[in-house]
J.: 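Quick one: this structure, given as structure tokens, is what I'll be asking you about.
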Amino acid sequence: MGFSLVVGVFLTVITANMGGYVDKIKIAQITESISVQVYQNPAYQGYTTEELRKLIDQKVELEIKRLGLDKPFIRFDSFSGFFHSRAFMYLANALTLNLGRSEHIYSSSGSKQVWLIIQERLPYSVLLFTTASLLVFFASLYVALILSRRYGSIWDRLSVALAPLSTAPSWFYGIILILIFASILRLLPFGGLVDIPPPESKVMYALSVLKHMVLPLLGWFISGIFVGVYSWRTFFLIYSSEDYVEMARAKGVPGRPLERRYILRPTLPTIITSFALLLIAAWTGAIITESVFNWPGLGSLYMAAISQFDTPIIVGLTVIYAYLLGVTVFVLDIVYAIVDPRIKVGGGPAA
Amino acid sequence: MRGLLAALKEITRYPSAMVGLFILAFILALAAYAVITIPYGEAIRLWRGGEATWRYNPRTAAPAWIDYLTPKKLLRTVILGPEDAQKEVKVLSERTRRLIFTYTLDYEADVFPSELAVVFKSQYEKKPPRVEVIWRTPDGREFSFGRQIPSGKVHWYTVSQDRDLIASLRGAPEEVLFQDPNAPEKTLKGIHTITIKAYVFEPEADLEAEVVVYGTVYGIAGTDHLRRDIWVALLWGAPIALAFGLGASFGITISSIVFAAIGAWFGGWVDAVVQRLTEIRMVIPTLPILIMVGLFYSKSIWVILAVLIGLNLIESTVKQYRAVFLQEKRTPYIEAARSYGARHLRIIFRYLIPRVIPWVIPSFVLAVPAYVFLEASLSVLGLGDPVLPTWGKLLSDAFSHGALYHGYYYWVLEPAFLLMLTGFGFTLIGYTLDKVFNPKLREI
């Protein structure tokens, strides 16, 4: 799975460089560092600006040649008999989060390091979308369990009827919710992180953030809950007609322990998988929801980078997304091995 | 094929599927109507043709049917052309003539117009005509708009933006001219008389004028911030959404089945490669990559569609299909096919794949809305197709031009409604198909 992560990031880098965009970022980085070196070097103090520029150009050209940026992206080296590619250099950079410097966007501390800018935004995205995923996940599991107990009731049929509501993504509900609660009723803010100006006290600040989280959370919740309830309900119903469940029921195992031991336990791996998938959907789906709500996380950064054509940020963010997905899947694999005794790691005893 | 028809017959037994089919038929009819009445080129002209195409439409006007829902009488755009005018010509000298046009406007609406403009279409060689517009309200007050020298063949005098006039009227012309002096928030109903006096200075010279009183409602669907008719985009959004959704879903489903079948049939390293690719596919951030493609290479909806299919060639459903194929592989009829010497490809495409078709149809139908919304998502990010009008583009324009802040709700709700309707239609049918084809679900 670690392998998948590497390949995923690799593909991202390749796509990004198809128009030579990563090369450009790299060259800009080289030019920047060489100019700084040259201007700060006391040995060149007597030079005129013209001469300095010439010197920088020469050095940059040398560096470009040294790194092979002037050569094709992938080439065969007949001397060593290997394929050489800048792609691998970029892959190493991406994996070590050496994402270069942005073109226009600054971090709030004034830095242009892409990784620093992303670091600043990441917690906001994690805050909103982990909360959202957890809410949707546990609510749908809980409701589905109740409904599977009351199969055929009005609520059950209602949940089936409402399931198609989940076809729309969360930003779509976000727009509708903004329309209702912010625009018509004027109850909740249109978007953003806190009130302007931000409240002084920490408690008020937190409350203000919470108030701004209501609508995005609600949008996410509506778009996720119905299909969640529907599919879990169906899933539990299928499982609760298994022979061993019937057997336990016949033995007289009461409702709750029966659910816990005979339905939830064997389906745990599936439940965990779907939670991971939900998180993955949250990471990528966040881009638009955040920009609709002007939430200052990665999604809004993406949007800003798109509108200002800030390539290093876009490529860096894509790498980060690939990373997030890869790590989620990786963690999932480990958890899987822990909860499912049938999966053994490396042929050893069950973990 | 017969099985499919039987299945279609069966789903008509479910009321939810009937609703779904009905919705789908409506969207299809809309799409067909769009393609027939507004051909592709015409649609692009109407949406991208430039200001001249939309100049007579009001800006951000609500749909006309809103008029029937509100107690107030709203205003449709009134254009008073040369044929509505009484023309008087007086020869003042050998070269100079005076033309007087008199227009009457019967104003019954309870709201003020959104804008006022006068269009002068003049013919002259060297010396442009001079014109003066005099507006007489129903209660007899008279306002002169000052002298104008229309330059060029068609001259737009946007009354609502004439600063001198706004200063002399102490307010926006479209309000001052129409308000009741005793109750400024109300309109004064009755007959307005607009007189345009023009002096032309060449024997061949001539002038025509149009008075445009922009309304607050327009057409079936209203207009956007550029005065474009939203109806065009609503209509043309249908075929595009269907083509994108169905195309993406079809391409991705088919390729996933083929890869799953190939992996399951050949086994060994082929299967291992397909399996690993499925896992890699899981960690590829699709939306960010589509964003990069849209930004760096091409925003064309068809390029995005191709890339989307390319990225999802091996979907996560491959694992489910593979499990089915592994079972099918050991069935006697496959053994038989093998024993008479059928080639690999024949077995895969003629024996294995047809077996899973019924199984796949529900997931194919259920996946369509996701792709329809994906196009909308890309549009909201500003990466929608640059020429084609789509529902997503409408939503994104509405959102980025503050439709929610200014209360132009129709602009958001119309495309949202159609998007939702399409999603609903496909999902309702998909769920029913799921029940029909997967008997295990039918009991539930």
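Every chain is numbered from 1 and lettered A, B, ... according to where its sequence line falls, protein lines coming before strand lines.
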J.: Please state whether the side chain, the backbone, both or neither of B:Tyr405 comes within less than 4.5 Å of a heavy atom of chain A.
T.: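 B:Tyr405 touches chain A through backbone and side-chain heavy atoms alike.
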J.: What part of A:Ala182 is in contact with chain B, defined as an atom under 4.5 angstrom from a non-hydrogen atom: side chain, backbone, both or neither?
T.: neither
J.: Test your reading of the model: is there a side-chain donor-acceptor pair from B:Ser255 to the backbone of B:Leu313, 3.5 Å cut-off?
T.: yes
J.: Restricting to side chain to side chain donor-acceptor pair (under 3.5 Å), what partner residues turn up for A:Thr318, sequence neighbours left out?
T.: A:Tyr302
J.: Taking the inter-plane angle between the rings of B:Phe364 and B:Phe250 on a 0 to 90° scale, is it parallel (under 30°), tilted (30 to 60°) or perpendicular (over 60°)?
T.: perpendicular
J.: Between B:Leu395 and chain A, with a heavy-atom cut-off of 4.5 Å, which part of the residue counts as in contact: side chain, backbone, both or neither?
T.: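 Side chain of B:Leu395 only, per the 4.5 Å heavy-atom cut-off to chain A.
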J.: Would you mind telling me which of A:Arg150, A:Arg233, A:Arg149 makes a side-chain hydrogen bond (donor to acceptor under 3.5 Å, both in side chains) with A:Asp156?
T.: A:Arg233
J.: With a cut-off of 3.5 Å and sequence neighbours excluded, list every side-chain donor-acceptor pair involving residues 169-181 of chain A.
T.:
{"residue": "A:Ser170", "atom": "OG", "partner": "A:Thr289", "partner atom": "OG1", "Å": "2.8"}
{"residue": "A:Trp171", "atom": "NE1", "partner": "B:Ser377", "partner atom": "OG", "Å": "3.0"}
{"residue": "A:Tyr173", "atom": "OH", "partner": "A:Leu165", "partner atom": "O", "Å": "2.3"}

J.: Using non-hydrogen atoms and a 4.5 Å limit, figure out which bit of B:Val412 sits close to chain A: side chain, backbone, both or neither.
T.: side chain
J.: Identify which part of B:Leu419 has an atom lying under 4.5 Å from any heavy atom of chain A, answering side chain, backbone, both or neither.
T.: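 Just the side chain, heavy atoms under 4.5 Å.
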J.: Given the options B:Gly407, B:Ala370, B:Ser16, B:Ala376, which has more heavy-atom pairs under 4.5 Å with chain A than any of the others?
T.: B:Ala376
J.: Count the heavy-atom pairs under 4.5 Å between each of A:Ser166, A:Ser291, A:Ala161, A:Ala163 and chain B, then report the option with the highest count.
T.: A:Ala163
J.: Give the minimum heavy-atom separation between B:Leu404 and B:Tyr409, together with the two atoms involved.
T.: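 Closest approach of B:Leu404 to B:Tyr409, heavy atoms only: O-CE2, 4.0 Å.
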J.: Side chain, backbone, both or neither: which part of B:Leu366 has a non-hydrogen atom closer than 4.5 Å to chain A?
T.: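 Contact with chain A: none, neither part.
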J.: Centroid-to-centroid, B:Phe26 to B:Phe22, below 6.0 Å?
T.: no
J.: Please look at A:Val292 and chain B and tell me whether the side chain, the backbone, both or neither of the residue comes under 4.5 angstrom of a heavy atom of that chain.
T.: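 Its backbone and side chain both get close to chain B.
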